[in-house]
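All remarks here apply to the structure that follows.
Counting convention: from 1, in listed order, for ligands and their atoms alike. Everything numeric here is computed off the predicted structure, so don't read it as measured data. Each residue takes its place number in the sequence, starting with 1.
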Amino acid sequence: MSPLDPELLDVPEAAAIRDWATERGILILAHSYQDGFLQEAAHFVGDSLELARKAAETRPETICFCGVHFMAETASILCPEAEVFVPDLEAGCSLADSCRAEDLARYQAHLERKLGRRPVTVAYVNCSAAVKALSDVICTSGNARAVIDSIPEDEPILFVPDRHLGGWLNETTGRRMVLWNGACEVHELFSVETLRELQAAHPGAITVSHPECPKPVRDASDYVLGTAGMLKLARETSGRTFLVGTEGNMLYRLRKEAPQNEYVAAPGASCACNLCPHMQRNTPEKLWECLNRRAPRIEVDPEHARGARRALERMLAIV
Ligand code: 13P
Ligand code: SF4
């Protein structure tokens with residue numbers, strides 16, 4: 001599909017793109033980690049859970065998903081009759097890549113032999129459809145506590161793929177889940193040293209960090225919240241400064257929807273931008289081309305889709 005079609009390089013304003021899509025029955029969804037233009041062009045902006053719910057409830061004929069591959073795949077699984085397009089098929093996720101279905105199947109069998117029973121597999125939504133299909137239930141950063149709490153205390157749990165989110169859940173629920181050794185390449189780079197310096201420079205500021213951050217960063221934060229939780233807290237707060245430990249584009253959404261506060265990005269260890277390179281693959285030009293060409297399209301293996309839908313629907317029934 002590349003290079004871009006020269007006739008499509010003249011990209012309209014974000015609001016005009018949204019209207020253009022509305023006229024053609026296309027629902028544009030965008031994650032809060034997309035840049036400001038893509039957020040403005042979308043009909044709906046949300047966290048992973050909100051976007052999954054929106055797809056499941058709205059049941060549009062066509063979705064253009066501005067996010068990363070696993071998110072668009074989830075929309076397609078929950079909305080099987082919809083055609084789901086993405087600006088860039090290569091927009092992946094380091095967490096999803098850290099857990100291959102064949103490795104998970106082997107590890108599940110190993111644990112079953114070791115424990116004498118099959119553990120409940122809980123998968124963070126940042127994983128492939130094939131991994132979701134091997135899992136009993138899915139969770140997102142917005143509902144992970146509730147999903148874990150819904151599992152009887154005596155059931156052993158294998159949590160995949162994020163070791164930091166899993167570690168935070170073990171701390172906050174008192175469970176002793178076995179954790180897969182995956183991590184997000186963006187959140188893993190937040191450093192507690194630079195966060196402490198920022199806190200010293202902004203006395204009285206509220207520090208919020210995503211549960212994908214390493215433990216020292218989480219421990220130095222006032223709140224550990226997914227992106228929807230951060231937005232809720234910001235909307236309910238006034239006249240404060242927030243130090244924000246998550247992907248950099250979240251600040252666009254916070255500033256737009258809760259402008260009564262100030263927001264400062266907590267810098268990563270090696271760079272201050274904190275942008276997810278996968279989310280950044282989506283650009284206004286690629287969005288416009290994708291809408292016009294109705295491509296590239298997300299295709300999910302039907303076998304994987306069936307198993308993944310069961311695990312996703314179990315999650316949606318909990319919260
Ligand atoms: P949310 O679950 O908060 O939407 O975050 C998704 C994600 O990719 C975090 O890195
Ligand atoms: Fe994946 Fe991390 Fe990017 Fe989220 S921020 S999509 S977890 S690589």
Q) Is there a side-chain hydrogen bond (donor to acceptor under 3.5 Å, both in side chains) between Ser128 and Glu73 once you walk through the steps? A) CA-CA 8 Å; Ser128 67; Glu73 216 177 37; 5.6 Å; no

Q) Got a sec, which residues hit salt bridge (Lys or Arg N to Asp or Glu O under 4.0 Å) with Glu313, two or more places apart in sequence or on another chain? A) none

Q: Inspect the contact between Glu81 and Arg59 and indicate whether a charged nitrogen and a carboxylate oxygen are less than 4.0 angstrom apart.
A: yes

(Q) Taking Glu257 first and then Arg235, would you say they form a salt bridge - that is, a charged N and a carboxylate O separated by under 4.0 Å? (A) yes

Which protein N or O atoms sit under 3.5 Å from any N or O of ligand 1? Give each pair with its distance.
unit_1: ligand 1; atom_1: 2 (O); unit_2: Ser48; atom_2: OG; d: 3.4
unit_1: ligand 1; atom_1: 2 (O); unit_2: Ser141; atom_2: OG; d: 2.7
unit_1: ligand 1; atom_1: 3 (O); unit_2: Ser141; atom_2: OG; d: 2.8
unit_1: ligand 1; atom_1: 3 (O); unit_2: His210; atom_2: NE2; d: 3.1
unit_1: ligand 1; atom_1: 3 (O); unit_2: Thr227; atom_2: N; d: 3.1
unit_1: ligand 1; atom_1: 3 (O); unit_2: Thr227; atom_2: OG1; d: 2.8
unit_1: ligand 1; atom_1: 4 (O); unit_2: His31; atom_2: NE2; d: 2.7
unit_1: ligand 1; atom_1: 4 (O); unit_2: Ser48; atom_2: N; d: 2.9
unit_1: ligand 1; atom_1: 4 (O); unit_2: Ser48; atom_2: OG; d: 3.2
unit_1: ligand 1; atom_1: 4 (O); unit_2: Thr227; atom_2: OG1; d: 3.3
unit_1: ligand 1; atom_1: 5 (O); unit_2: His210; atom_2: NE2; d: 3.4
unit_1: ligand 1; atom_1: 8 (O); unit_2: Asn126; atom_2: ND2; d: 3.2
unit_1: ligand 1; atom_1: 10 (O); unit_2: Glu212; atom_2: OE1; d: 2.9
unit_1: ligand 1; atom_1: 10 (O); unit_2: Glu212; atom_2: OE2; d: 3.2

Q. Once you round to the nearest 0.5 Å, how far does CZ of Phe44 lie from CD1 of Ile63?
A. 12.0 Å

Q: Could you name each residue pair satisfying ring-ring contact (aromatic ring centres under 6.0 Å, His included) that touches residues 288-319, not counting sequence neighbours?
A: Trp20-Trp288

Q: Would you check if the side chain of Arg218 reaches a backbone N or O of His164 as a donor-acceptor pair within less than 3.5 Å?
A: yes

Q.
Walk me through whether Gln34 and Asn282 qualify under side-chain hydrogen bond (donor to acceptor under 3.5 Å, both in side chains).
A. CA-CA 8 Å; Gln34 292 291 266; Asn282 298 329; 3.0 Å; yes

Q: Given side chain to side chain contact (heavy atoms under 4.5 Å, CB included), test Phe85 with Glu83 step by step and report yes or no.
A: CA-CA 7 Å; Phe85 302 108; Glu83 289 187 313; 3.9 Å; yes

**Q.** Cut-off under 2.8 Å, centre atom 1 (Fe) of ligand 2, protein N/O/S atoms
**A.** Cys93 SG

